[in-house]
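The model shown is predicted, which means the values in this text are computed figures rather than measured ones. Values reported hereafter were calculated over all heavy atoms of this structure, with side chains retained and with hydrogens, waters and symmetry mates removed. Protein chains get the first letters and strands the later ones, always in sequence-line order, with residue 1 at the start of each.
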Amino acid sequence: MVDNPYLAHRHPSERSAGSSKPMAAEKEPLFGFVPRLVKGDQVRSALEHELNPFTKQPHSAQYKKILEQRKKLPVYGQMDDFFKIFSENQIIVMVGETGSGKTTQIPQFVAYSDLPHTKGKMVACTQPRRVAAMSVAKRVADEMDVQLGRQVGYSIRFEDMTEPGTTFLKYMTDGMLLREAMNDNQLSRYSTIILDEAHERTLATDILMGLLKKIAQERPDLKIIIMSATLDALKFQKYFALNRGKGKDKDTAPLFKVPGRTHPVEVFYTQEPEPDYVEAAIRTVLMIHRAEDPGDILLFLTGEEEIEDACRKIKIEADDLVNSDPDSVGPLICIPLYSSLPPQQQQRIFDPPPAGRPGGPPGRKVVVSTNIAETSLTIDGIVYVVDPGFSKQKVYNPRIRVESLLVSPISKASAQQRAGRAGRTRPGKCFRLYTEKDFMGELEEQTYPEILRCNLANTVLELVKLGIKDLVRFDYVDAPAPETLMRALELLNYLAALDDEGNLTPLGGIMAEFPLDPQLAKMLIVSPELKVSNEVLTITAMLSVPNVWLRPNNQRQQADAAKAMFTVPDGDHLTLLNVFNQYMQNKYDKNWAWNHYLSARALQQAENVREQLKRNMERYELDLLSMADEKKMYLNIRQALVCGFFMQVAHKEGEKGSYLTIKDNQVVALHPSCGLDTQPEWVLFNEFVLTTRPYIRTVTEIRPDWLFEYAANYYDLNTFQDGETKRALVRVANKRAGKATGRVDEPSSKRATKKQRT
DNA sequence: GAGCACTGC
């Protein structure tokens, strides 16, 4: 089947009016374009054409101005090569360093070659972050001289800025494309899919790569471009090699490489390892301030507390320097940067450096940041980077099912990325607070991909929903530990999302549709049966956003007092419900959240999430129910919690307030933020956190009866180790058995059997 | 008697 290149791209209005005139064909900007056989010359002349090929409108003056800028991008100069390699291959790996223009230009090139609008298809380009998807889409819409949301759009959670039937170039988050794949396993709406920033190896991008490799074999019409940083290219080339095996193992997917456009960065190492990296970092910043030419400094540290602390110390020392030697040392401002900072304060990083005295030494700006400045935020004007070589990284221990954050050495790739932050506007310097030998010999090449570092319960459910039958043998770029997969399968089986053969149950199918952890999805879906779905919906939303409690360093007591006002003694989950309800009742008061030491941003997010989940519930005809009797309502909410979180229960052991988690037998304590007024014998927790010691956080009292009632499978006592916890459970079970023989028609057992069918 | 690295649906 050959597309007719003339008819295919013609605007309907021209078909009758212009077809008889031979000149009409020449006026057509895409005349002679054969989909996927388009050449650079053709595109260049189309770009110079007075008409926009996609809107048939004359190009604006702005378009021509932007086009001149685009011509200077490295990737523009390699247009001919790109069209050749794109025409000849189904899968391409592309490497483009910072400043190459790949994110804005490649998808446009693809659109010109693919002509998706003539086939009712789209070109997708994924990004790991929402802001990137939005801002790049805006830029590309301007470059193509179209209105954002029409031919060029974006799709992110909470916002679909596309027009079905019109949009043919769509920027989107990787998670969003994965969601789409769950309902369209072949991703049939797309003619080409571009995965950008693949080297970041987000969970969603990793799953998409596995999926696309499979789809590519079933859909020869689908083209795929993997865009990444240099260091990872070969890995992706090998992974996407076609025709592997039979002496062809060495085949690799073709590579398209474009140089970047950055300034050189000189790298310095320490002679000896630094025993205290924070102290060394502060010393280095001050050394730069005293001795180096003007230019701002970016210092990478690991977390909020460390950053605030370092800022205070740098400020004090810098002021000392200025006071003792005002003729040679200029003023210095120190700006902290981390994600939980309110956006307004984050904006401070773009403030200009302080002005020095007239005729005196110039001022300097120091930004002290977490990894957020490594990828998510770029600050212009940075000339010096100080890199102690550490960041907080998530680690997952499948044995005890605990995720925690650990300060760990960064990878070489990450160190390079950090250094690159110094060369965005002019040549810069990077001071690494470790030896060159350690850099060469001790640092990993790449940061471990997320898929190897986290709990996969959610991912496994997604994969099953995506139609992946054999999870262990799925072709991962990097395969997760089998134990991590087993843990996830086990959890999903106990939640009745997967049957004993690992097949998706109807309940599991609905659970996968909710953008939630499986435990939360389960409790939400079950909640209408307990007539508390309105409340559980709120709690679910509150549990899926960052911490709402603020506790400023110098106002801890006031913050704790404010929190006490919201506390419901039966459990922290109910406290969250209470906070949200009061927030909604006081929405007219803009200062309400702040006055009560609550994060307005997190509460607003909870409101958005709640709305989204509510729409999902309506789609599946899950009723939104509440109860009039508050006591009964609280009781039922706690039972709904058990339906999702029966595997996260702890039993009090002895009188010292120590708890043992069920089955895993981990010794834990109630987190100090816990609002329970007593230490109940049985508690359910949302989170196990490993900080100064193991804590359980967001805790609610439960009755042990409920465990047998709602999770009989899991609470099969034969599967328990002997010990105090088991003895306590046996007592409960015996008591229940006694009751059951006394009263055959026990209503709770009825409900339990009904639950199994859900 | 603590703390949330960073994303995403």
Subject >> Over all atoms of both residues, closest heavy-atom pair of A:Pro515 and A:Leu613 >> reply: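 Taking A:Pro515 first and A:Leu613 second, the nearest heavy atoms are CD-CD2, 3.9 Å.
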
**OP:** Search all heavy atoms of A:Tyr695 against all heavy atoms of A:His671 and return the closest pair with its distance.
**Re:**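 A:Tyr695 and A:His671 have their closest heavy atoms at CD2-CA, 3.6 Å.
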
In terms of side-chain heavy atoms of [X], which of [options] is nearest?
X	options	answer
A:Arg179	B:dA5, B:dA2, B:dC9	B:dC9
A:Pro672	B:dC6, B:dA2, B:dC9	B:dA2
A:Tyr695	B:dA2, B:dA5, B:dC9	B:dA2
A:Arg130	B:dT7, B:dA5, B:dC9	B:dC9
A:Ser673	B:dT7, B:dA2, B:dA5	B:dA2
A:Arg157	B:dC9, B:dG8, B:dA5	B:dC9

Subject >> Phosphate OP1/OP2 of B:dC9 contacted by A:Thr173 side-chain N/O (<4.0 Å) >> reply: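 Checking A:Thr173 against B:dC9: at least one side-chain N or O falls below 4.0 Å of OP1 or OP2.
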
In whole Å, I'd like the distance from the [atom1] atom of [X] to the [atom2] atom of [N].
X	N	atom1	atom2	answer
A:Leu516	B:dC9	CG	P	13 Å
A:Gln605	B:dT7	CD	P	10 Å
A:Asn608	B:dC9	CG	P	12 Å
A:Met134	B:dG8	CE	C1'	15 Å
A:Leu177	B:dT7	CG	P	21 Å
A:Ile696	B:dA2	CD1	C1'	14 Å

Subject >> Flag, side chain of A:Arg453 to backbone of A:Val395, donor-acceptor distance under 3.5 Å >> reply: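 Answer holds: no.
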
Subject >> Donor + acceptor pair across side chains of A:Gln393, A:Ser391 (<3.5 Å) >> reply: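 Yes, A:Ser391 and A:Gln393 have a side-chain donor paired with an acceptor closer than 3.5 Å.
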
Original post:
Base, sugar-phosphate alone, or nothing: which one does A:Thr370 contact when heavy atoms must sit under 4.0 Å apart?
Top reply: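 Answer is sugar-phosphate: A:Thr370 comes under 4.0 Å of backbone atoms only.
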
**OP:** Answer yes or no: side-chain N or O of A:Arg551 and base N or O of B:dA2 forming a donor-acceptor pair under 3.5 Å.
**Re:**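 Looking at the base of B:dA2, it does pair with a donor or acceptor on the side chain of A:Arg551 (distance under 3.5 Å).
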
Original post:
Is the shortest distance from a Lys or Arg side-chain nitrogen in A:Asp232 or A:Arg201 to a carboxylate oxygen in the other one below 4.0 Å?
Top reply: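 Result for this pair is no, no salt bridge flagged.
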
